[in-house]
Amino acid sequence: MATPLLQTHDLSMNFGGVRAVRNVNFTLAEGELRCLIGPNGAGKSTFFKMLTGQLAPSQGQVLFRGHDISRAYAHQIARLGIGIKTQVPSVFDGLNVRENIWLAASRIGHRDEARRLVDEMLERIGLTKAASRMVGQLAHGQRQWVELGLVLATDPKLILLDEPAAGMTHDEVFKTAELVREINRTKALIVVEHDMQFIRMIAKQVTVFNQGSVLLEDNVENIMRDPRVRDIYLGKQAAA
Amino acid sequence: MTLVVQGLCTGYGRIPILNGVDFTVDEGEFVGILGHNGMGKTTLLKALMGYLPATGGRVHFAGDDITALEPHRRARLGLGYVPQGREIFPGLTVHDNLRMGCIERRDAGEDEIIANVLEEFPRLKPLLNRIGGALSGGEQQLLAVARCLCGGPRLVLLDEPTEGIQPSIIEEIVETLSRLRVANRRLTMILVEQNLDFIAQLSQRILVIQKGRITQEVRPDALRDANLIGEFVGIAT
Amino acid sequence: MSGRSLNLLGLLLVGVVGLAFMFLTPRLAELDTVLDLTVYIIMAVLALSLGLIWGYGGILCFGQSAFFGLGAYAYAIAMFNIGESTVPVLLAIILPAAFAALLGYFMFYGRISDVYLGVITLTVTLILFNSVNSTAGPNFHIGAARLGGFNGIPGIPPLNLPGDKNAVIDLEGMFYLSTASLLLTYFGLRLLLASQFGRIIVGIRENERRAELIGYDPRAYKLATFTIGGALAGFAGCLFANWGNFVSPTIFGLAQSAQIIIWVIVGGRGTLIGPIVGCIGIQWLSAALGANQPSGGSDLWSKIFANAPLILGSILIAFVLLVPKGLVPTLAEIVLSLFRRGRRSEQRGLEPQQAE
Ligand SMILES: Nc1ncnc2c1ncn2[C@@H]1O[C@H](COP(=O)(O)OP(=O)(O)OP(=O)(O)O)[C@@H](O)[C@H]1O
Ligand SMILES: [Mg+2]
C-alpha cells in the first residue's frame, strides 16, 4: 500500500489537566476529502493546530508523506504543503484584499507569476471588485473568502478547513461546497463543520471526534444514522 | 412599543451602509433579520447598540430617544448585545466573564443570577474555572449568549448566535430562548441569523434587509418555501 | 489619479525638495544655522531607523540609542587607533548591526513577547550607559583611545575622503554628507519596503500567525529588520560623533532613547516622512524653547537636549490623544479625503457600497 498522505500515531494534547486530544490515530490517503465532526470542545481545532505546527503535541507523532513533522515549525509545515483556514478568520486586516493574496502567492511565485496567481485567485473567490478594499472592513463572510484565497494561493497539497461555512449565507455555503469539491480534484482536504447541510453536500468519509478521541469513522449516511452520534452531537431533529 | 427605528442611516467613515431603515418591534416580540452578507445586518445591530453613530434618523426605546446615547447607557436601559465573533473577555475565567455580565443588575444577587443562567447552559458548568480565551469556538459562543442573559436585558440583540455551535446545542438554545419568552412575556429579541430553521423557530416576523433598507416583511412559515427564500437570501437551487 | 501615480509624485516631491534643500541651504543660511541643521538631519537618520523597525516591522525597541551610541563610540575609538576614516565608518555600521543581530537572535528566536522585548532593549541601553559611564581614568582604553567615562571622548578626528587622510571633510561638507545620507536612507528604505521583503515584514506586523501559516519564518524577517535598523542607527551615530567631534555616555541615556520614540510617534508610524518630520520638528522646537532658558548650559549637549520637558511632554500627550496616528498619516488622510470628495461629486452612486 502506498504511504498515506497524513498519519497520526497516538497524538495527544494536554493543557494542564485538560486532555483536549487523546491518543488519536488518524489516516488520510492522497487526494482524500474527509469531514471531521464532533461536539463543541471535542478537540477538532486543537487537532488541526498540532497538524500545522501551531501547538507541539504532548505526545505522539504526525507523519506527512512519511516524514515526522510533530516538532516542525509552522512555517516549515506550510512549506511542506499543509495549509489551514482557521476557525476565527486569520487574515491581514490592515492590508487590502489584493495584498493579502499577494503575500501568499509570492511565496511560491515571483513577480509576474505571483501577479497572475493573484488575479486568478481574486476571480475564483469572487472578490475582484473588492480587490482594493481593506480586509478588516469586509463582512465576516467575505473575510472567510479572503482567507480561503490566501490558503489556496500557496498551493498546498493538503488543506485543513476549520468551519469554512460559518458566517456565510445560504448561497455562499453552496458556493463553498462547490469550491471544496473542485479543490478536491487536485488536493486532499480535511473539513471541520457543524453545518450538516454542508457536510451532506461534500462528505464521503466522516470521522467523529468526542472528548478528544475518535468515536467512529464511517461514510456519511451511516454516521448520520448512528444513535451515538445523534445522542452526543446531532440532536433529536437530525433525522429530518 | 418597545423599539421604534425611523429612517436610520449609518456607515463606516464615508461609506454609507444603512440608508434609512424603518421598523418597529413591540414589547415581547421576537423578530428575525435576513439578508445577504454585506447588506448591513451586523451594521444595523451595531447602530442599535450605539457602536456606530447614526448619521440620520431616530431610534426610540421604551419611549426614550436613544439615538445619540452611548453603548453603556443603552446597556443600562436594558439593551443586551451578543456580537458576531463572540467577544468575551479572553483573560478572565468563564465564571468571571459571567460575573461581568451581572454588574448592572440590582434586582438579584450575582450567585443567584449565575446559578439560574447555568441551569439553561449546563455545558458551561464544567468549564467555570477555565480561561475564556482557551475555550473552543462553540464554547465561547455559548458563553457570550449566557453572559448577555446575566445582565437581565429587556431587548436582546443577537448576531448569528448559532455560528460554530453543534446541532444539538442549537436545539437547546431554541428551547432555552422559547422558555425565557414564556417566563418573561416582556422579553424582546432581534435576531440576525443565517440558520433558517433557527430563525423560523424563534421569530414571529422576519424582516428582509437589502442594500441598507428593510424591503420586506415575511412570516416565518414563508421560510419553508424555497422560492421565496431564494428571493430574500439567494439560495442557489 | 491612481494610487501608484500619487506615490510617484510623492517620491519626486521628496527628491526635489531634498536636493534643493541640500544645495541651497549652505548658500542662503549662516554657518551657525547650517551647523544646527546638520545635527537635526543626522538625528533624522536615527529616527528613520526606528521608523523602519517599529513603524513597519512592528518591533517597539526602546534601545535604538544603544546602536546609535555604539556607532559613535566605535567610530571614535577606531579613529584614534587608525587615523583614516574608511574602516572606522565601516566599523560604526558593522558593530552595531552585529550587536543588533545578536540581541535580536535571542529575542526573536527565543520568542520573547513584545512587552519583554521593550524591557530588554531598554535594559541593554541602560547597561551600556552604566558601563561606559564608569570607564573614567587612564586605565580604561582601547588601543590609543581613552574611553573617558562620564567625561566622554573629546577631539574625535573628523571624516576624510576615502583613502586620503588629509582630505578632511569640513563643516559644510558634513552638511552635504548628512543630507545626502538622509536622502539615500529614505530612498533606500522606500525601495526596501516596496520589495518582497518589505511587504512581508508588513504582513508579519499585521498578523504574525498568518504569515507563519503561509510559510514565512517571522523570526528571520524580524531579525533582518532589526539588524538593518541597528546598522542605520550606528551610521547615524558615526555622523553624530563627527559633527561634534565628541561623544559621551549620555548618548545611551534614557532621555535619548525616549526622544527617538517621541519623534516617531509625533511624525507617524508606518510612514518614512513622518519620523523625519517629527524628528526635525521636535528638535527645532526644543532648541527654540531651550534658547529662552537662562539655566541651560552652553555645551553641545545642552544645546541638543536642552528642552523644556514639561512643554514637550505636553505636546507628546496631546499628540497621543488627539493625533494618535501621527502628523503625516493624519495630514495625508485629510488631503486624500478632500481629494476624493472633489471627485465623488462627479461620479456619485456609480457603485453601490457594501459592507457589514
Ligand atoms: N489553551 C488551552 N488551555 C486549556 N484548555 C484548552 C486550551 N485550548 C483548548 N482547550 C480546551 O480543549 C477542548 C478542545 O478545544 P477545541 O478548540 O479543540 O474544540 P473544538 O472541537 O474545535 O470545538 P468547537 O467545535 O467548539 O470549535 C475544549 O474543551 C477547550 O476548552
Ligand atoms: Mg474548533
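Small disclaimer: the values here were computed from a predicted structure and weren't measured. All chains are named by letter (A, B, ...) in the order of the sequence lines, taking the proteins before the strands, and each is independently numbered beginning at 1.
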Query - Heavy-atom neighbours of A/Glu123 CD exceed 12 at 6.0 Å - result: no
Query - Greatest number of heavy atom pairs closer than 4.5 Å to chain B - which of A/Pro39, A/Ser45, A/Gly16, A/Ala20 - result: A/Pro39
Report summary line: Heaviest contributor of heavy-atom pairs below 4.5 Å to chain A, chosen from B/Ser136, B/Gly138, B/Pro167, is B/Pro167
**Report entry** Contact winner vs chain A - B/Glu193, B/Glu163, B/Gln141, heavy-atom pairs under 4.5 Å
**Finding:** B/Glu163
Query raised in the report: So, does B/Gln166 use its side chain to make a donor-acceptor pair with the main chain of A/Ile232 at under 3.5 Å?
Result: yes
Report task. Kindly check if the number of other-residue, nucleotide or ligand heavy atoms within 6.0 Å of CD (A/Gln205) is above 12? Result -> yes
**Report entry** Donor-acceptor contact present, side-chain B/Ser168 to main-chain A/Tyr233, <3.5 Å
**Finding:** yes
Report task. Kindly indicate, with the supporting measurements, whether the criterion side-chain contact (heavy atoms from CB on, under 4.5 Å) is fulfilled by B/Leu196 and A/His170. Result -> CA-CA 9 Å; B/Leu196 295 181; A/His170 265 259; 3.7 Å; yes
Query raised in the report: Does OH belonging to A/Tyr73 count more than 12 external heavy atoms closer than 6.0 Å?
Result: no
Report summary line: Rounded to the nearest 0.5 Å, the OG1 atom of A/Thr169 sits from the CG atom of B/Leu34 at a distance of 10.5 Å
Query raised in the report: Are any of the side-chain heavy atoms of B/Leu142 and A/Asn40 separated by less than 4.5 Å?
Result: no
Requested in this report: Step by step, work out the side-chain contact (heavy atoms from CB on, under 4.5 Å) result for A/Asp171 and B/His36.
Outcome: CA-CA 9 Å; A/Asp171 57 341; B/His36 284 287; 3.6 Å; yes
Report task. Apply side-chain contact (heavy atoms from CB on, under 4.5 Å) to the pair A/Val18 and B/Arg130, showing each step before the final yes or no. Result -> CA-CA 10 Å; A/Val18 182; B/Arg130 210 168 282 179; 3.4 Å; yes
